[in-house]
K.L.:
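I have a structure here, written as structure tokens, and I will follow up with some questions on it.
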Amino acid sequence: PAQIIPTNQELFVTQPKAEAQKHISLAVILPFDGAKKEKTKMVEFYRGILMAADSIKKEGISLDIYTYDSGKTDEDMRAVIKNLPQTPLDFIIGPLHQEQIHVLSSYCNDKKIRLIVPFSSQSEELYQNPYYYAVNSPSSFFISEAVNLTMALFHHDNIIIWDSHEEDEDAVLYTDSIQLRQTKMGKKNKTVSIGDDNSKWAQVMDSTQVNVIIPNSSSLKALNQLLPELKLFIGEHPEYKVKLIGYPEWQTYTINHLEDFYQFDTYAYSAFYRNPLSTKSQLFEMSYQNEFKELTLNSYPQFGMFGFDIA
């Protein structure tokens with residue numbers, strides 16, 4: 001018999017498009033009554049959610065937001081859960097404290113509610129609850145990706161680790177991992193330490209390559225110690241080309257060090273970036289000030305924008 005060849009319409013059945021959701025029910029569970037510094041950050045984060053809600057409503061979607069103070073303990077969280085609305089929730093945003101995650105995740109798994117955890121990156125719930133959404137990746141994964149990117153960009157350059165003698169676990173993991181990669185590539189690792197004079201810097205610098213300086217601390221104190229040493233050496237030896245690599249926290253240091261970052265062609269890895277020269281960033285800041293009559297915090301991440309993006 002003649003072979004019957006199916007048509008494209010028969011092979012690829014068009015699925016009906018799901019209707020856009022017209023109503024969203026959302027709970028926000030965060031520590032609004034905590035210590036002043038913590039409370040200030042959480043309030044700004046929540047305000048960002050409210051600003052996003054206004055944008056969502058302009059698209060014709062209605063939105064109900066239920067807000068709860070999370071407290072700090074798992075017992076506090078159980079008390080919050082008892083007071084959640086009986087009507088189905090689509091999403092829950094929170095909590096902040098690590099010890100509360102399991103209780104809330106179990107509830108969301110049971111009720112099939114999508115749980116968006118904005119701050120913690122350390123929870124086994126990610127592998128056990130299909131309704132669990134972690135905004136932040138585990139630090140080990142994040143740093144591994146930063147190392148991959150660093151080596152992809154600078155593996156042909158002269159990488160120098162500046163030892164601050166500080167105990168910064170994540171920064172040390174980052175710089176140690178870079179040196180391990182260099183060893184595997186057959187390259188010599190080069191290090192200078194805080195307080196080393198120009199003769200020590202000259203021993204590790206290379207006038208034929210770009211010299212990439214990476215401190216093993218993300219602190220402002222370490223940066224304030226590194227920059228004068230680097231400026232002194234480059235002032236006496238302008239023939240050397242230098243780049244500086246930093247950390248996510250360095251975004252909050254631009255108030256005092258923006259010109260320094262430009263001078264040394266600075267790079268910084270980060271999962272969150274706010275470009276102060278961006279029109280959208282400026283409009284967000286203006287909208288926030290008009291709505292809440294105060295400036296956003298100089299923080300990493302920028303909590304108001306972070307809340308807006310998540311919602």
Side-chain angles (χ1 to χ4, degrees), residues 37 139-140 142-273 276 298-301:
K37 186 176 180 180
S139 60
S140 58
F142 179 46
I143 292 171
S144 176
E145 289 300 302
V147 171
N148 290 339
L149 181 59
T150 302
M151 297 309 296
L153 291 172
F154 305 112
H155 66 281
H156 290 304
D157 299 322
N158 182 38
I159 296 177
I160 302 167
I161 305 301
W162 182 79
D163 187 358
S164 66
H165 297 323
E166 293 184 7
E167 296 182 1
D168 186 330
E169 184 176 345
D170 285 349
V172 170
L173 175 60
Y174 172 63
T175 53
D176 284 354
S177 299
I178 287 172
Q179 291 193 319
L180 181 61
R181 291 284 190 91
Q182 291 214 115
T183 299
K184 291 180 178 179
M185 293 168 59
K187 298 185 69 174
K188 181 181 178 181
N189 287 313
K190 297 182 178 181
T191 303
V192 288
S193 295
I194 180 174
D196 282 349
D197 59 22
N198 279 1
S199 64
K200 292 288 183 64
W201 278 94
Q203 292 174 18
V204 296
M205 287 286 203
D206 190 327
S207 60
T208 66
Q209 290 182 287
V210 176
N211 298 277
V212 179
I213 314 301
I214 311 177
N216 66 355
S217 171
S218 62
S219 75
L220 179 59
K221 177 184 176 183
L223 181 63
N224 285 334
Q225 292 168 320
L226 167 61
L227 287 172
E229 293 184 13
L230 199 51
K231 288 179 180 179
L232 179 63
F233 180 83
I234 295 302
E236 295 184 7
H237 302 279
E239 68 273 16
Y240 288 96
K241 296 179 181 179
V242 171
K243 293 183 185 290
L244 188 60
I245 297 182
Y247 297 89
E249 295 85 351
W250 283 24
Q251 294 177 67
T252 65
Y253 307 159
T254 54
I255 292 177
N256 297 317
H257 289 298
L258 187 60
E259 291 302 319
D260 297 323
F261 291 160
Y262 286 148
Q263 179 182 351
F264 294 114
D265 194 13
T266 303
Y267 290 68
Y269 68 85
S270 179
F272 180 96
Y273 176 65
N298 178 33
S299 61
Y300 169 82

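Because the structure is predicted, anything quoted here is derived from the model rather than measured.
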K.L.:
Looking only at side chains, do Q179 and T191 share a donor and an acceptor under 3.5 Å apart?
P.N.:
yes
K.L.:
What are the two closest heavy atoms between I214 and I159, and how far apart are they?
P.N.:
CD1-CG2, 3.9 Å
K.L.:
Aromatic contact between W250 and F261, with the criterion being ring centroids under 6.0 Å apart: yes or no?
P.N.:
yes
K.L.:
With side chains defined as the heavy atoms from C-beta onward, is the minimum distance between H155 and M185 less than 4.5 Å?
P.N.:
yes
K.L.:
Please check: side-chain N/O of N224 versus main-chain N/O of L227, any donor-acceptor pairing under 3.5 Å?
P.N.:
no
K.L.:
Without swapping roles, check the side chain of S193 against the backbone of D196 for a donor-acceptor pair under 3.5 Å.
P.N.:
no
K.L.:
If every non-hydrogen atom of S299 is compared with every non-hydrogen atom of P301, which pair is closest and at what distance?
P.N.:
OG-O, 2.8 Å
K.L.:
Using a 4.5 Å cut-off on heavy atoms from C-beta on, say whether the side chain of F154 contacts that of I245.
P.N.:
yes
K.L.:
For E239, does the CD atom sit with more than 12 other heavy atoms under 6.0 Å from it, leaving out its own atoms?
P.N.:
yes
K.L.:
Would you name the heavy atoms of T175 and P215 that are closest together and state the gap between them?
P.N.:
CG2-O, 3.7 Å
K.L.:
Are any non-hydrogen side-chain atoms of N148 and R181 less than 4.5 angstrom apart?
P.N.:
yes
K.L.:
Would you say M205 and K190 make side-chain contact, with heavy atoms under 4.5 Å?
P.N.:
no
K.L.:
Which heavy atom of A222 sits nearest a heavy atom of S219, and at what distance?
P.N.:
N-OG, 3.0 Å
K.L.:
Locate the shortest heavy-atom distance separating L173 from S177; write the atom from each residue and the value.
P.N.:
O-OG, 2.6 Å
K.L.:
Between N298 (side chain) and T252 (backbone), is there a donor-acceptor pair under 3.5 Å?
P.N.:
yes
K.L.:
Report yes if the side chains of N189 and T183 come closer than 4.5 Å at any heavy-atom pair, otherwise no.
P.N.:
yes
K.L.:
Which pairs count as ring pair (Phe, Tyr, Trp, His ring centres under 6.0 Å) when at least one residue sits in residues 167-196, sequence neighbours excluded?
P.N.:
Y174-Y247, Y174-Y269
K.L.:
For the residue pair D265 and V210, establish whether any side-chain heavy-atom pair is separated by less than 4.5 Å.
P.N.:
no
K.L.:
Just by distance, do the side chain of N158 and the backbone of V204 share a donor-acceptor pair under 3.5 Å?
P.N.:
yes
K.L.:
Please round to the nearest 0.5 Å and tell me the distance separating atom CG of N216 and atom CD of E166.
P.N.:
8.0 Å
K.L.:
Answer yes or no: is there a donor N or O on one side and an acceptor on the other, between the side chain of Y253 and the main chain of L220, under 3.5 Å?
P.N.:
yes
K.L.:
Could you tell me the separation between the CG atom of L226 and the CD1 atom of I213, rounded to the nearest 0.5 Å?
P.N.:
7.5 Å
K.L.:
I'd like to know if the side chain of N211 reaches the main chain of K241, judged simply by a donor and an acceptor atom lying under 3.5 Å from each other, with no hydrogens or angles considered.
P.N.:
yes
K.L.:
Heavy atoms only: give me the nearest D157-K187 pair and the separation to one decimal.
P.N.:
O-NZ, 3.0 Å
K.L.:
Measuring only between side-chain heavy atoms, which start at C-beta, is F264 closer than 4.5 Å to I234?
P.N.:
yes
K.L.:
State whether the side chain of E229 and the backbone N or O of I194 hold a donor-acceptor pair below 3.5 Å, judged by distance alone.
P.N.:
no
K.L.:
Please confirm whether the backbone N or O of S140 pairs with a side-chain atom of S144, one donor and one acceptor, at under 3.5 Å?
P.N.:
no
